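All remarks here apply to the structure that follows.
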Amino acid sequence: MLKGLGGLGDMAKMMKSAQELQTKMAEMQEELHNVMVTGEAGAGLVKATASAKGELKGLDIDPSIFTSDNKEVVEDLILAAVKDAQSKATVKAQEEMARLTESMGLPKDIKLPF
C-alpha cells in the first residue's frame with residue numbers, strides 16, 4: 001500500500017519509535033522520584049537520603065556529634081552527605097537512562113535532549 005512513497009514507511013516507523021522512547025522516558029522520569037539513594041559523611045555519622053532526581057528526602061545525624069565546639073564540623077558533614085547523595089542520584093539516573101536506551105536498541109551512552 002505504501003509502494004511508490006519512497007521512505008515514508010521508514011519515516012513512520014522512526015516516528016513511532018521516537019514516540020515510544022518519549023513515553024518510556026517520561027515513565028522513567030516519574031520512577032526516579034521513587035528511587036532513593038543515601039549519601040554519607042563522617043564514616044556514617046551524617047546520612048542524607050535523596051531521590052534519584054536529586055531531591056533531598058531525609059537527613060539522619062548521629063546525636064554524638066552535637067557539641068557546641070563541633071558546629072562547623074557538623075555543618076561540613078551535612079553538606080558533604082547531601083553532596084554525596086546528589087552525586088549518587090545523578091549516577092543512578094544515568095544508569096537508568098542507559099538501561100532504557102539500551103533496551104530500545106539505542107547506544108547506552110546516547111545523549112538525548114529530554
Side-chain angles (χ1 to χ4, degrees):
M1 186 169 200
L2 291 177
K3 275 187 175 181
L5 295 178
L8 288 181
D10 290 337
M11 180 63 90
K13 184 178 177 182
M14 283 177 32
M15 291 300 291
K16 182 178 180 185
S17 293
Q19 287 174 339
E20 182 181 336
L21 176 61
Q22 189 173 16
T23 299
K24 287 186 177 187
M25 292 279 296
E27 290 170 358
M28 184 197 68
Q29 292 293 326
E30 284 302 313
E31 288 175 17
L32 290 178
H33 285 288
N34 299 320
V35 175
M36 296 297 149
V37 296
T38 301
E40 296 183 5
L45 291 174
V46 177
K47 297 177 184 174
T49 302
S51 73
K53 293 286 287 180
E55 298 167 348
L56 187 62
K57 297 292 186 176
L59 192 60
D60 181 37
I61 303 171
D62 188 304
S64 68
I65 63 174
F66 288 116
T67 62
S68 60
D69 58 334
N70 279 349
K71 180 183 180 300
E72 288 181 13
V73 172
V74 171
E75 290 170 347
D76 289 343
L77 289 174
I78 291 169
L79 285 174
V82 170
K83 287 180 183 179
D84 187 38
Q86 289 172 331
S87 175
K88 288 179 179 179
T90 299
V91 169
K92 186 66 173 175
Q94 289 170 345
E95 289 171 354
E96 292 297 315
M97 176 66 73
R99 186 180 56 79
L100 172 67
T101 56
E102 196 170 16
S103 74
M104 296 194 68
L106 298 170
K108 64 180 175 183
D109 59 346
I110 191 169
K111 303 291 184 217
L112 296 172
F114 308 107

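Start at 1 with the first residue, then count along the sequence. This one's a predicted model, so the numbers in the text were calculated from it and none came from an experiment. We use all heavy atoms of the structure for the numbers below, so side chains are in, but hydrogens, waters and symmetry mates are not.
With respect to Leu45, the side-chain contact (heavy atoms from CB on, under 4.5 Å) criterion is satisfied by exactly one of Val73, Val74, Asp62, Ile61: Asp62. Of the candidates His33, Glu30, Gln29, Lys53 forms a side-chain hydrogen bond (donor to acceptor under 3.5 Å, both in side chains) with just one, namely Gln29.
Here Glu96 pairs with Arg99 in a salt bridge; the nearest charged N to carboxylate O distance falls below 4.0 Å. A salt bridge does not link Glu20 to Lys16: none of the charged side-chain nitrogens sits closer than 4.0 Å to a carboxylate oxygen.
Atom NZ of residue Lys47 and atom CG of residue Leu77 lie 13.0 Å apart, to the nearest 0.5 angstrom. To the nearest 0.5 Å, atom CG of residue Leu100 and atom CG of residue Leu21 are 6.0 Å apart.
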Exercise answer: donor-acceptor pairs, residues 78-92 side-chain atoms, under 3.5 Å, sequence neighbours excluded:
from	atom 1	to	atom 2	distance (Å)
Asp84	OD2	Glu40	N	2.9
Lys88	NZ	Thr38	O	3.0
Thr90	OG1	Gln86	O	3.1

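By the side-chain hydrogen bond (donor to acceptor under 3.5 Å, both in side chains) test, Thr23 pairs with no residue at all, sequence neighbours left out. For Asn70, the side-chain hydrogen bond (donor to acceptor under 3.5 Å, both in side chains) partners at least two apart in sequence or on another chain are Thr67.
For Glu72, the CD atom counts as loosely surrounded, since its 6.0 Å shell holds 12 or fewer non-hydrogen atoms of other residues, nucleotides or ligands.
Under the 4.5 Å side-chain heavy-atom criterion for grouping Ile, Leu, Val, Met, Phe, Trp and Tyr, Met36 is not connected to Leu32 through any hydrophobic cluster.
Taking both residues in full, the closest heavy atoms of Ala48 and Leu56 are given as CB-CD1, 3.9 Å, listed atom of the first, atom of the second, then distance.
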